[in-house]
Amino acid sequence: IYSGCKYVVTVRDVGKTALSFYNFFISKRVPFLVDANYNHDKNGSDTEDKLLMDLSTFLVDTPFVRGCPQTTSTSDLRASIWEYYVEYHALMECPSVLMLVYEDFIGDEEVRKDNIRRLG
């Protein structure tokens, strides 16, 4: 945390976030999740896309939940969602950090304004 800076951290229900992320990837036809070569029938007409993994597999086998440790063969380093939450929890009492729960924040406009004013 840099002196004088203010931070807003938004956390969201992990299950809802995972489902949203999964559905986003499906809508964008991301190759590791959707077989782009499968969606034509013999007549060349579009059919439903073939999913390459279900939601459970997505959660277990992708870096979204489990993270991606850095190895000597790759520089892709990604913390797991749980590691992020541990860091967020450590900052809950920090006066420079405003922690917002997404589901609470989107509800009432006055609550949103009050929360942001608290950060000052």
Mind checking the NZ-CG spacing from Lys50 to Leu33? Nearest 0.5 Å is all I need. 12.5 Å
Let me check something: do Phe21 and Val30 share a hydrophobic cluster, defined by ILVMFWY side-chain heavy atoms less than 4.5 Å apart, either directly or through other members? yes
What's the separation between atom NZ in Lys28 and atom CG in Asn23, rounded to the nearest 0.5 Å? 12.5 Å
Side chain to side chain contact (heavy atoms under 4.5 Å, CB included) for Leu55 and Leu19? Distances and angles first, verdict last. CA-CA 7 Å; Leu55 179 58; Leu19 183 58; 3.9 Å; yes
Can you sort out the partners of Thr10 under side chain to side chain donor-acceptor pair (under 3.5 Å), two or more places apart, ordered by chain and number? none
Return the CD to CG distance between Glu109 and Asp114, rounded to the nearest 0.5 Å. 10.5 Å
Determine, stepwise, if the pair Ile26 / Leu51 fulfils side chain to side chain contact (heavy atoms under 4.5 Å, CB included). CA-CA 8 Å; Ile26 290 172; Leu51 295 180; 3.8 Å; yes
Please give me the minimum heavy-atom distance between Val97 and Leu91, naming the atom from each residue. CB-O, 3.9 Å
Enter the distance from Tyr2:OH to Ser96:OG here, rounded to the nearest 0.5 Å. 13.5 Å
Are side-chain N/O atoms of Asp54 and Thr57 paired as donor and acceptor at under 3.5 Å? yes
Show every salt bridge (Lys or Arg N to Asp or Glu O under 4.0 Å) that has at least one partner inside residues 3-12, sequence neighbours left out. Arg12-Glu103
Take atom CD in Glu93; do more than 12 heavy atoms of anything else shown fall under 6.0 Å from it? no
Between Tyr88 and Tyr85, what is the ring plane arrangement, given parallel below 30°, perpendicular above 60°, and tilted in between? tilted
Give me the atom names and distance for the closest heavy-atom approach of Leu52 to Pro31. CD1-O, 3.4 Å
Cluster partners of Ile106, using ILVMFWY side-chain heavy atoms under 4.5 angstrom, listed by chain and number? Tyr102
Determine whether Trp82 and Val60 fall in the same hydrophobic cluster, where Ile, Leu, Val, Met, Phe, Trp and Tyr are linked whenever their side-chain heavy atoms lie under 4.5 Å apart. no
Pairwise distance OH(Tyr22) to OG(Ser20) - rounded to 0.5 angstrom: 13.0 Å
Are Ile81 and Val86 connected into the same hydrophobic cluster when the rule is that any two of I, L, V, M, F, W, Y join if their side-chain heavy atoms are below 4.5 Å apart? no
Apply side chain to side chain contact (heavy atoms under 4.5 Å, CB included) to the pair Met99 and Val11, showing each step before the final yes or no. CA-CA 7 Å; Met99 190 83 51; Val11 294; 4.2 Å; yes
Give me the ring orientation class for Phe32 and Phe25: parallel if the planes are under 30° apart, tilted from 30 to 60°, perpendicular past 60°. perpendicular
Mark yes or no for whether Glu83, through its side chain, and Ser80, through its backbone, hold a donor-acceptor pair below 3.5 Å. yes
